[in-house]
Protein chains: 4
Amino acid sequence: MSDTARSRAILATASRLFAEKGYGNATTSEIARAAGVAEGTIYHHFGSKDGIFLTIFDETIEGYLAGIEELLARGATGRETLSALTRFQFDYVSRHSERYLILLRDFPADLTAGPLAEGSPQKKKLDRITELFRRVLARGKADGTLHLPFPVRDTAEILRGSFYGAIRLKMTGLIRAPLPRLARMLESYWMEALAPQHPAESPRGVPGG
Amino acid sequence: MSDTARSRAILATASRLFAEKGYGNATTSEIARAAGVAEGTIYHHFGSKDGIFLTIFDETIEGYLAGIEELLARGATGRETLSALTRFQFDYVSRHSERYLILLRDFPADLTAGPLAEGSPQKKKLDRITELFRRVLARGKADGTLHLPFPVRDTAEILRGSFYGAIRLKMTGLIRAPLPRLARMLESYWMEALAPQHPAESPRGVPGG
Amino acid sequence: MSDTARSRAILATASRLFAEKGYGNATTSEIARAAGVAEGTIYHHFGSKDGIFLTIFDETIEGYLAGIEELLARGATGRETLSALTRFQFDYVSRHSERYLILLRDFPADLTAGPLAEGSPQKKKLDRITELFRRVLARGKADGTLHLPFPVRDTAEILRGSFYGAIRLKMTGLIRAPLPRLARMLESYWMEALAPQHPAESPRGVPGG
Amino acid sequence: MSDTARSRAILATASRLFAEKGYGNATTSEIARAAGVAEGTIYHHFGSKDGIFLTIFDETIEGYLAGIEELLARGATGRETLSALTRFQFDYVSRHSERYLILLRDFPADLTAGPLAEGSPQKKKLDRITELFRRVLARGKADGTLHLPFPVRDTAEILRGSFYGAIRLKMTGLIRAPLPRLARMLESYWMEALAPQHPAESPRGVPGG
DNA sequence: GATGAATGAGTGTTCATTCAT
DNA sequence: TATGAATGAACACTCATTCAT
């Protein structure tokens, strides 16, 4: 429905302006001018300013979800998949940093409606992220390549939170280390944190708890 | 300077309204009415709407920084301090959830000025957080209670990011697990991730605690 | 660009209100209401309240400059052109007294921006007035119909100042004599002041008139 | 009544700020701060912001009127007095340029009340200026040193207008020639314009110069 | 579909003035 | 006298949205 050249131009321009100055500071008239369309055209294609944002949101999230699903489909061990997930996460952010920045920085603070309301399509997509993370961990638990002393779902939530937080702080300038290094470190620390114990070597060792 | 009864009332009311509806959706006239003062009084005390926000920001961050500094001053081992840091972090958030929510959700997306600009007082305070995290880890590295395969500063950044991300996702409703459980899990996983290596090979090693 | 019926209505209404109560005391909402448009429409067409003023300024000055240029184009002697200039000046003021009043009384005291800044379009137009006055005098000097004991440019400046001052005092109620009489007197006195010298030597010379 | 050290400080500070940024753009709180007094003190001494302006107005005008009266009291010829008047006018402006600027630029455009209303003390003082100009010219007419082909009062009005206009244009940057030159030129041209006729009877008479 | 002029409710902010102390 | 915290009525300006063409 929004796949004409015009709507692509609007999305591209809006992404750039949202990233540059923030969703709240970019005006629809500005977007229209920069995209070379009339202001009304935006409303024909997206219905509202939030509509543009949500379209960007959907496209960005969908590519992200699809990427993770593909990882899972490869059928590697849980540990390998977690490793791949980490690398994919940071790779995806790097490749779509403009759009990712918008989502991370301006959502949901600036949105008029409540796209985070229980049952909204956006909320469902965001919940699907946790679900996919959970599946990665569940596989590791099942095949013994990951050790989870806590419920899988809960662990998936903080795993996701640790990626999310590092990236958001990075994108708002509060973290110095470059993204690839963050990726490597997070991968390494999570591998360590979820490493299968050395039952053979120290059968009694029961850290955490 | 802003410690009259009136300015306290403005801060309390603004905190509540910002938390309820978001910084951008709370109006100064609304805050004034709810606080029982004239709108001009807000400007007499805080200069601008952003001024209110930044005052809340400063007070919240200062209590937070002071708490961490106190932890460090206790002189426990790095590992113990990291453990205490985790517990303090989530405890502080719980005790100041309203104000913490404002900071986490609405900053910096909604601010008109640039309080994250290099050199701004706000940026300095936020950078101080990472610095304190770094000191906790550095102590653990020095006393051998923590194993850091990566630079201390970089590790401090992702440690901070993991706390921040979990809490922000929790506060925006994307994480189900209750805060205390998040605290316990993060503590446990970080302890594991930074545990001194191969306790089996050095039988006296007694991780956790 | 601003030549729709709506923008003409805004200009006409604003001119009236500015003249009646002064630029600073006329509000944009009042202008909009009186012009029968929405307040936003003013900003659509003129960008700001100052923008209305500057449009009025430009239109008024342009007609004025064009009138003088036309006088010069007639190719009469300098003396005749000066005489015609005087009459044109007061005639123009009479015919556009409302707008002229606004310019004379409220400019530049009330303007927030600096339209008198060197290099601004307004400053250029105002400087062009002196330049045209200078050309009138220069012609008289060249053809011997005017005697100028001082530099032409400087004389043009006080010639202009004398018109300007008389009209401004008149419009602020500090001068009683009606405009036409001021015109006649200024013409006569300037003719006398710039009369070619030594009428005694050429007994037929009858300056003034 | 307003002759304490504090009220002098307020007047001096206000004069400076009014001259710098215009009456309308200088705030009472700013004046109070710069003068080192509380804002309320301004209202004790001057009753209102306009009150400050009017006090400056009165003091400036009074010195001006007194100067002209003194000129008249010297008992010189009308011609000599006119000459002295011109010199005094520009001299006074130079010596009080800050306060004169305020009056010339910001009055009456920015005043809330109507100090130009018929019967107001300000209007009376301003009318007195014309009256004194009239007396100078009347003396010249009586003693034969000035030739006035038009009513004395009317001539006084445009004489005053020519001074006023030149000075206002100068002070708003629309005239380049320095004040002293303007003084010399205006004196010379008016002398010429009002020169007694009969060039045939006194062939050597070369007024002006 | 595409346009862009028009809308108008809403916003943060200003500032001369007041008055209890 | 002097203070300065408090006031609150205005104000210029914004901008997502609509709709007649």
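Below, chains carry the letters A, B, ... as their sequence lines are ordered, and counting in each starts from 1.
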Sugar-phosphate, base or nothing in reach of C:Ala5, heavy atoms under 4.0 Å: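 Nothing: the residue C:Ala5, judged by heavy atoms under 4.0 Å, touches no strand.
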
Touch class at under 4.0 angstrom, heavy-atom based, for B:Ser29 against every strand present: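 The answer is nothing, as B:Ser29 stays clear of every strand by at least 4.0 Å.
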
5' priority, DNA chain E, between A:Arg6 and B:Thr27 [closest heavy atom]: A:Arg6

At under 4.0 Å, does any side-chain N or O of [X] touch on OP1 or OP2 of [N]?
{"X": "C:His44", "N": "E:dA5", "answer": "yes"}
{"X": "A:Thr28", "N": "F:dC15", "answer": "no"}
{"X": "D:His45", "N": "F:dT1", "answer": "no"}

Electrostatic pair B:Arg8:B:Glu59 at N-O distance under 4.0 angstrom: yes

Pair B:Arg16 + B:Glu98, salt bridge at N-O below 4.0 Å: no

Donor on one side chain, acceptor on other, D:Thr60 and D:Arg99, under 3.5 Å: no

Distance-only donor-acceptor check, side chains B:Ser29 and B:Glu39, under 3.5 Å: no

What's the [atom1]-[atom2] distance between [X] and [N], to the nearest Å?
{"X": "B:Ile10", "N": "F:dG8", "atom1": "CD1", "atom2": "P", "value": "13 Å"}
{"X": "B:Phe46", "N": "E:dT14", "atom1": "CZ", "atom2": "C1'", "value": "18 Å"}
{"X": "C:Lys49", "N": "F:dT14", "atom1": "NZ", "atom2": "C1'", "value": "17 Å"}
{"X": "A:Asn25", "N": "E:dT11", "atom1": "CG", "atom2": "P", "value": "16 Å"}
{"X": "A:Tyr43", "N": "F:dT17", "atom1": "OH", "atom2": "P", "value": "4 Å"}
{"X": "B:Leu17", "N": "E:dG12", "atom1": "CG", "atom2": "P", "value": "12 Å"}

Heavy-atom donor-acceptor pair, D:Asp106 side chain to D:Tyr23 backbone, under 3.5 Å: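 A pair under 3.5 Å: yes.
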
Strand partner of F:dT18, provided both Watson-Crick or wobble distances fall under 3.5 Å: E:dA5

Base partner of E:dT13, which must satisfy Watson-Crick or wobble distances under 3.5 Å: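 Paired with E:dT13, as far as the under-3.5 Å criterion goes, is F:dA10.
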
From B:Phe57, B:Phe18, B:Tyr100, residue fulfilling ring-ring contact (aromatic ring centres under 6.0 Å, His included) relative to B:Phe107: B:Phe57

From CG (D:Asp58) to CD (D:Gln122), nearest 0.5 Å: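 D:Asp58 atom CG to D:Gln122 atom CD measures 5.5 Å (nearest 0.5 Å).
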
Within residues 30-41 of chain A, residues whose heavy atoms come under 4.0 Å of DNA chain E: A:Val37, A:Ala38, A:Glu39, A:Gly40, A:Thr41

